[in-house]
> 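The structure is given below, and queries will be raised subsequently.
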Amino acid sequence: MKSPIHIAQPALRSASDATAAHIGRENAFGARNYDPLPVVLGHGEGAWLTDVDGKRYLDLMSAYSAVSFGHAHPRIVAALVAQAQQLAVTSRAFHNDRLPALLERLARMTGLDRALPSNGGAEAVETALKAARKWGYRIKNIPADRAEIIVCASNFHGRSIAIVGFSSEPQYRDGFGPFPPGFVTIPFGDSAALAAAITPNTAAFLVEPIQGEGGIIVPPPGYLAECARICRERNVLLICDEIQTGLGRTGYLLACQHDAVRPDGVILGKALGGGLLPVSAFVATHDVMRVFTPGDHGSTFGGNPLAAAVAMAALDVLEDEHLCERSRELGGWLLRELAAMKSPLIRDVRGRGLYIGIEIDAAKMPARRVVDRLLSRGVLSKDTHGTVVRIAPPLTVAQADLAWAVGELREVLRELEHGSP
């Protein structure tokens with residue numbers, strides 16, 4: 001038996017020693033697959049976070065929409081605690097008394113028929129891919145092992161082997177091949193390209209209504225509606241990945257509703273867990289879901305009573321606090337405030353609801369410099385591909401707090417414009 005590992009812990013002479021100790025320990029024992037900002041968070045409440053040094057930060061990231069309803073929302077925390085004391089995990093080998101209500105609610109709120117619960121978002125995407133392929137074979141009669149799924153360039157649907165296999169980001173693919181075949185890539189926002197790419201073997205079109213990791217890319221007006229029309233006409237499933245855009249983030253329950261589209265399948269995640277647990281689901285029509293039979297697919301933790309109770313509480317908060325409407329109104333105000341900034345460093349401001357990207361002129365500086373400077377002022381954000389600063393605060397954020405953050409951003413841009421180190 002190996003001797004236990006002892007980690008030397010020097011006496012902490014100042015608050016910054018605590019930060020250095022945590023980061024040093026993570027670097028010593030964790031895989032280096034992330035490059036976090038140099039802040040160690042220890043507490044969160046609402047839209048505010050506090051680091052181990054006691055400094056407060058306004059959260060403009062919301063953990064990529066996982067914390068859409070704020071940190072430690074009391075109603076969601078109470079639901080988690082109460083259910084954890086009652087029953088947490090059973091596996092799907094047995095029924096539990098919390099899952100049925102969640103399945104019905106997901107179906108009714110999306111206008112679809114059935115839901116298949118899972119945990120992380122990538123798991124729900126994989127579920128959708130399996131459903132689409134089997135639908136292609138069982139319902140559309142595509143020849144065996146010939147089904148194709150169309151995806152968009154600059155997509156982000158997760159990190160599994162299959163998903164990174166159809167990514168257009170070289171780093172996501174580097175060293176992880178060979179990849180499963182059967183995916184066709186087209187430009188995002190180009191419905192004519194979709195029509196041209198469809199063949200008799202096309203089972204589905206998988207698309208983000210707004211590309212998040214791609215840089216908060218909003219497609220042309222009517223794009224998704226035209227894609228839906230094409231898919232119906234050509235007997236192809238339309239599957240919308242709403243993991244980041246769904247549940248109020250863009251000002252509607254689902255971002256596809258901006259184009260009044262009801263897809264054949266919707267992928268939900270992140271916010272569904274209320275900022276406390278990984279909860280996701282693939283929700284689809286009966287025509288799609290009927291291809292699954294017992295044993296085809298499963299998830300030990302998917303649909304557990306603890307996750308179901310938390311998700312139900314999160315959806316209660318979404319509805320009772322009118323967060324879709326709030327995101328739409330507050331997001332519209334924030335977009336106008338940001339667009340009014342006439343900085344030579346800004347190339348574009350775009351988004352919907354509280355899902356906004358500020359594109360920085362890469363010829364002048366990387367977006368990470370803006371993010372780092374905001375961090376020093378108590379504003380947490382993150383850059384995407386070195387060019388876009390993401391703004392996606394909890395939907396519960398106070399307008400006064402956002403106004404303060406806008407002022408801080410304005411000062412940061414002014415400093416950087418004048419070459420301040």
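In what follows, residues are counted from 1 in the order of the sequence shown. Keep in mind that this is a model prediction, so the values were computed, not measured.
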> Is the shortest heavy-atom distance from the side chain of Trp404 to the side chain of Glu408 under 4.5 Å?
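They are in side-chain contact.
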> Distance alone, cut at 3.5 Å: any donor-acceptor contact between the side chains of Glu126 and Ser160?
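Distance-only check passes for Glu126 and Ser160.
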> Please report the closest heavy-atom contact between Lys140 and Val236, naming both atoms and the distance.
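For Lys140 and Val236, the tightest heavy-atom pair comes out as NZ-CG2, 3.8 Å.
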> With the threshold set at 4.0 Å, does a side-chain nitrogen-carboxylate oxygen contact exist between Arg414 and Glu411?
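Result for this pair is yes, salt bridge flagged.
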> Indicate the atoms forming the closest heavy-atom contact of Val279 with Ala307, along with that distance.
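In terms of heavy atoms, the two residues are closest at CG2-CB, 3.7 Å.
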> Is Leu306 close to Arg98 at the side-chain level, that is, under 4.5 Å between some pair of heavy atoms?
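They are not in side-chain contact.
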> Output yes when a side-chain donor or acceptor of Ser327 lies under 3.5 Å from a complementary backbone atom of Leu323, and no otherwise.
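Checking the backbone N and O of Leu323 against the side chain of Ser327, no donor-acceptor pair under 3.5 Å is found.
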> Find out whether Phe292 and Met289 are in side-chain contact, i.e. whether some heavy atom of one side chain is under 4.5 Å from a heavy atom of the other.
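The answer is yes, as the side chains (C-beta and beyond) meet within the 4.5 Å cut-off.
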> Heavy atoms only: give me the nearest Leu112-Ala284 pair and the separation to one decimal.
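In terms of heavy atoms, the two residues are closest at CB-O, 3.7 Å.
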> Go through the steps for Ile186 and Ile150 under the test side chain to side chain contact (heavy atoms under 4.5 Å, CB included), then give the verdict.
CA-CA 7 Å; Ile186 62 172; Ile150 298 174; 3.8 Å; yes
> Heavy-atom distance under 4.5 Å between the side chains of Thr285 and Arg262, does that happen here?
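Yes, their side chains come closer than 4.5 Å.
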> Quickly, which of Ile391, Asp372, Leu58 forms a side-chain contact (heavy atoms from CB on, under 4.5 Å) with Ser381? Name it, please.
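Answer after filtering Ile391, Asp372, Leu58: Ile391.
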> Verify, without hydrogens or angle tests, whether Arg350 (side chain) and Val218 (backbone) share a donor-acceptor contact under 3.5 angstrom.
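No, the answer is negative, given that no donor and acceptor are paired below the 3.5 Å cut-off.
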> Determine the minimum heavy-atom distance between Leu194 and Cys231, stating which atoms define it.
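In this case the closest contact between Leu194 and Cys231 is CD2-SG, 4.2 Å.
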> Output, in order, the C-alpha distance, side-chain angles, deciding distance and verdict of side chain to side chain contact (heavy atoms under 4.5 Å, CB included) for Val389 and Ile360.
CA-CA 7 Å; Val389 178; Ile360 303 300; 4.1 Å; yes
> Identify the two heavy atoms, one from Gly331 and one from Ile356, that lie closest to each other, and give their separation to 0.1 Å.
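Here Gly331 and Ile356 meet closest at O-CD1, 4.2 Å.
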> Pairing donors with acceptors under 3.5 angstrom, does anything connect the side chains of Trp135 and Asp264?
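Distance-only check fails for Trp135 and Asp264.
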> Report yes or no: do Thr245 and Glu208 form a side-chain donor-acceptor pair below 3.5 Å?
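No, no side-chain donor-acceptor contact under 3.5 Å.
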> Hey, could you give me the OH/CG distance between Tyr57 and Leu49, rounded to the nearest 0.5 Å?
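Result: 9.5 Å between the selected atoms.
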> How about Ser68 and Ser62: does a side-chain donor come under 3.5 Å of a side-chain acceptor?
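No.
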> For the pair Arg290 and Asp287, evaluate side chain to side chain contact (heavy atoms under 4.5 Å, CB included) and give the outcome as yes or no after the intermediate values.
CA-CA 6 Å; Arg290 65 180 168 144; Asp287 188 51; 2.7 Å; yes
> Once rounded to the nearest 0.5 Å, what's the spacing between atom CD of Glu148 and atom CZ of Arg133?
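CZ of Arg133 is found 10.0 Å from CD of Glu148.
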> Can you tell if the side chain of Asp361 reaches within under 4.5 Å of the side chain of Leu345, non-hydrogen atoms only?
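Side chain of Asp361 against side chain of Leu345, heavy atoms only: no contact under 4.5 Å found.
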> To the nearest 0.5 angstrom, please state how far the CE atom of Met61 sits from the CZ atom of Arg390.
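The CE atom of Met61 sits 5.0 Å away from the CZ atom of Arg390.
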> Taking CZ in Arg229 as the centre, count heavy atoms belonging to other residues, nucleotides or ligands within less than 6.0 Å. Is the count above 12?
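Yes.
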> Locate the shortest heavy-atom distance separating Gly215 from Val388; write the atom from each residue and the value.
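Between these two residues, the closest heavy atoms are O-CG1, 3.9 Å.
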> About how many Å separate CD1 of Ile239 and CZ of Phe282, when rounded to the nearest 0.5 Å?
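Answer rounded to 0.5 Å: 4.5 Å.
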> State whether the side chain of Glu242 and the backbone N or O of Cys256 hold a donor-acceptor pair below 3.5 Å, judged by distance alone.
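It does hold such a pair.
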> Find out whether Leu206 and Ile267 are in side-chain contact, i.e. whether some heavy atom of one side chain is under 4.5 Å from a heavy atom of the other.
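The answer is yes; the side chains approach within 4.5 Å.
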> I'd like to know if Arg75 and Glu321 make a salt bridge, using a cut-off of under 4.0 Å between side-chain N and carboxylate O.
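No salt bridge links Arg75 with Glu321.
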> Is there a side-chain contact between Leu268 and Leu254 in this structure, where contact means two heavy atoms from C-beta onward sitting under 4.5 Å apart?
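A side-chain contact under 4.5 Å exists here.
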> Starting at SG of Cys152, measure out to CD1 of Ile217 and round the result to the nearest 0.5 Å.
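Answer rounded to 0.5 Å: 12.0 Å.
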> Working to the nearest 0.5 angstrom, can you tell me the gap between Lys134 NZ and Ile142 CD1?
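Those atoms lie 14.5 Å apart.
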> Backbone N or O of Ala367 within a donor-acceptor pair of the Asp383 side chain at under 3.5 Å?
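Between the backbone of Ala367 and the side chain of Asp383 there is no qualifying donor-acceptor contact (under 3.5 Å).
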> Hey, is CD on Glu325 packed in by over 12 heavy atoms from elsewhere, all under 6.0 Å?
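Result for CD/Glu325: enclosed.
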> Evaluate the ring planes of His258 and Tyr252, with Trp represented by its six-membered ring, and classify them as parallel (under 30°), tilted (30 to 60°) or perpendicular (over 60°).
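His258 and Tyr252: perpendicular rings.
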> Where does the angle between the aromatic ring planes of Tyr223 and Phe188 fall among parallel (under 30°), tilted (30 to 60°) and perpendicular (over 60°)?
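Because their plane-to-plane angle is over 60°, the rings of Tyr223 and Phe188 count as perpendicular.
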> Go through the side-chain N and O atoms of Tyr64 and Glu213 and say whether any donor and acceptor fall under 3.5 Å apart.
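Their side chains do not contain a donor-acceptor pair, so the 3.5 Å distance test is not met.
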> Is there a donor-acceptor pair under 3.5 Å between the side chain of Arg249 and the backbone N or O of Leu354?
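A pair under 3.5 Å: yes.
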> Counting only N and O atoms by type, is there a donor-acceptor contact under 3.5 Å from the side chain of Arg234 to the main-chain atoms of Ile198?
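Checked: pair present.
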> Could you please spell out the steps behind the salt bridge (Lys or Arg N to Asp or Glu O under 4.0 Å) verdict for Asp316 and Arg105?
CA-CA 11 Å; Asp316 286 342; Arg105 190 166 188 178; 2.6 Å; yes
> Check whether any side-chain heavy atom of Pro393 sits under 4.5 Å from a side-chain heavy atom of Leu402, and report yes or no.
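They are in side-chain contact.
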> Say whether, by atom type as modelled, one donor and one acceptor occur between the side chain of Ser280 and the main chain of Gly120 under 3.5 angstrom.
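The answer is yes, because a donor-acceptor pair under 3.5 Å joins these two groups.
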> Checking the side chain of Lys382 only, and the main-chain atoms of Leu37 only, is there a donor and an acceptor separated by less than 3.5 Å?
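Answer holds: no.
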> Is the side chain of Lys270 donor-acceptor paired with the backbone N or O of Ala63 at a distance under 3.5 Å, no angle test?
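Side chain of Lys270 to backbone of Ala63, a donor-acceptor pair under 3.5 Å: no, none is there.
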> Please confirm whether the backbone N or O of Ser154 pairs with a side-chain atom of Ser168, one donor and one acceptor, at under 3.5 Å?
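Here the side-chain-to-backbone pair exists.
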> Run the side chain to side chain contact (heavy atoms under 4.5 Å, CB included) check on Trp48 and Asp401 step by step: do they pass?
CA-CA 10 Å; Trp48 289 88; Asp401 291 339; 3.0 Å; yes
